[in-house]
Amino acid sequence: MTAITEAAPAKLNLYLHVLGRRVDGYHELDSLVAFAGVGDRLTVSLAESGPHLAITGPFAAPLRAEDPAGNLVTRAAVALAERLGRAPAVRIELEKTLPVASGIGGGSADAAACLRALARLWGVPADAPDLYEIGARLGADVPVCLAGRPAYFGGVGDELAPAPALPETHVVLVNPGVPVPTPAVFKARRGDFSAAARFAEAPATAAELAARLAQRRNDLTAPALSVAPVIATVLEALAATPGCLLPRLSGSGATCFALYATAAEAQGAAERLARPGWWVTATQLTA
């Protein structure tokens with residue numbers, strides 16, 4: 001194999017409860033994570049030295065301005081190579097189509113895609129524990145992005161459990177063009193902690209899924225609003241679209257999403273929401 005390509009789909013926290021704070025300062029979480037049919041794309045190939053990272057796409061500029069050695073993708077390649085006792089002599093091409101620092105796991109999904117692609121390139125089993133151990137060290141969302149399928153995650157993201165099957169559900173994602181650093185949102189969080197709220201039964205329809213999620217919440221919404229008040233405008237705009245079953249913030253924001261029963265409703269909502277400076281896309285949840 002000379003080149004391997006992996007998708008890095010957008011991650012959505014269908015609900016996100018903050019259960020408490022650990023002595024090390026990190027927060028215990030409970031979340032149902034699903035993935036959307038849009039995302040970044042990453043290709044790895046063998047090189048004489050490396051790792052060399054090339055970034056293209058509509059959201060490449062902020063990442064190209066940073067030291068590539070600090071990018072999660074580069075760090076993932078170096079960490080896996082060190083674990084395998086080999087040189088990270090690879091070229092990595094990242095097509096960045098998801099907004100940066102937007103609450104949909106962009107950097108984590110990219111790192112996970114890099115680990116999956118390098119595992120294929122270097123002959124590592126896809127379920128090798130090394131991949132998940134490295135992923136957990138890179139970031140809370142990397143392990144669930146490695147799995148790439150609906151899952152519950154707990155702890156600091158390192159505890160994964162199977163989720164019930166999700167019904168066909170269409171979704172619109174909206175980002176208002178404001179990056180929201182996750183640490184700032186957690187720093188702004190106030191109030192009591194929540195309880196875990198997992199459910200075992202598989203919802204039969206998108207409406208049933210939305211009804212169950214409406215009994216839960218994203219505990220980071222209020223602190224995210226204090227960091228980026230425009231999030232309230234996005235949620236209100238989503239809620240006003242015909243067919244919207246549930247509007248919600250994903251992760252720490254600023255990307256919000258809404259669930260719909262049909263592709264036509266989602267597409268119509270996306271067209272209605274289009275405005276300068278906003279990233280808007282209609283897609284659906286993946287199995």
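In what follows, residues are counted from 1 in the order of the sequence shown.
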Is it the case that the side chain of [X] and the backbone of [Y] share a donor-acceptor pair, with hydrogens and angles ignored and the cut-off at 3.5 Å?
{"X": "R21", "Y": "V18", "answer": "no"}
{"X": "T255", "Y": "S102", "answer": "yes"}
{"X": "S45", "Y": "A3", "answer": "no"}
{"X": "D30", "Y": "A197", "answer": "yes"}
{"X": "Q267", "Y": "A263", "answer": "no"}
{"X": "T43", "Y": "E93", "answer": "no"}
{"X": "T97", "Y": "G39", "answer": "yes"}
{"X": "T286", "Y": "F35", "answer": "yes"}
{"X": "S108", "Y": "G106", "answer": "no"}
{"X": "N13", "Y": "G251", "answer": "yes"}

Can you confirm whether the side chains of E265 and T262 place a donor and an acceptor under 3.5 Å from each other?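 T262 and E265 do have a side-chain donor-acceptor pair below 3.5 Å.
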Are T241 and Y260 linked by a side-chain donor-acceptor pair shorter than 3.5 Å?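 Result is yes, a qualifying pair exists.
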So [Y] and [X], do their side chains get closer than 4.5 Å, heavy atoms only?
{"X": "S194", "Y": "R217", "result": "yes"}
{"X": "F257", "Y": "V172", "result": "no"}
{"X": "Y132", "Y": "D158", "result": "no"}
{"X": "R198", "Y": "Y15", "result": "yes"}
{"X": "P51", "Y": "V78", "result": "yes"}
{"X": "I4", "Y": "W122", "result": "no"}
{"X": "F153", "Y": "L32", "result": "no"}
{"X": "R189", "Y": "D219", "result": "no"}

Are [X] and [Y] connected, step by step, through hydrophobic side chains (Ile, Leu, Val, Met, Phe, Trp, Tyr) whose heavy atoms are closer than 4.5 Å?
{"X": "L238", "Y": "V171", "result": "no"}
{"X": "L72", "Y": "I55", "result": "yes"}
{"X": "V156", "Y": "V185", "result": "no"}
{"X": "W279", "Y": "V234", "result": "no"}
{"X": "V174", "Y": "L225", "result": "no"}

Around [X], counting heavy atoms of other residues, nucleotides and ligands shown, do more than 12 lie under 6.0 Å from its [atom1]?
{"X": "R212", "atom1": "CZ", "result": "yes"}
{"X": "R83", "atom1": "CZ", "result": "yes"}
{"X": "D192", "atom1": "CG", "result": "no"}

Parallel, tilted or perpendicular, as decided by the 30° and 60° cut-offs, for the rings of F199 and Y152: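 Perpendicular: the ring planes of Y152 and F199 meet at over 60°.
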Geometric class of the F193/H27 ring pair [parallel <30°, tilted 30-60°, perpendicular >60°]: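 Geometry flag for F193 against H27: tilted rings.
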[atom1]-[atom2] distance between [X] and [Y], expressed to the nearest 0.5 angstrom:
{"X": "L146", "Y": "L131", "atom1": "CG", "atom2": "CG", "answer": "6.0 Å"}
{"X": "L80", "Y": "R75", "atom1": "CG", "atom2": "CZ", "answer": "14.5 Å"}
{"X": "L138", "Y": "D110", "atom1": "CG", "atom2": "CG", "answer": "12.0 Å"}
{"X": "L285", "Y": "L209", "atom1": "CG", "atom2": "CG", "answer": "7.0 Å"}

Looking at [Y] and [X], is there a salt bridge between them, counting it only when a charged N and a carboxylate O are closer than 4.0 Å?
{"X": "E6", "Y": "R41", "answer": "no"}
{"X": "R64", "Y": "E66", "answer": "no"}
{"X": "K11", "Y": "D141", "answer": "yes"}

Please say which of V33, L173, L259 ends up in a side chain to side chain contact (heavy atoms under 4.5 Å, CB included) with L12.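 The side chain to side chain contact (heavy atoms under 4.5 Å, CB included) with L12 is passed solely by L173 among V33, L173, L259.
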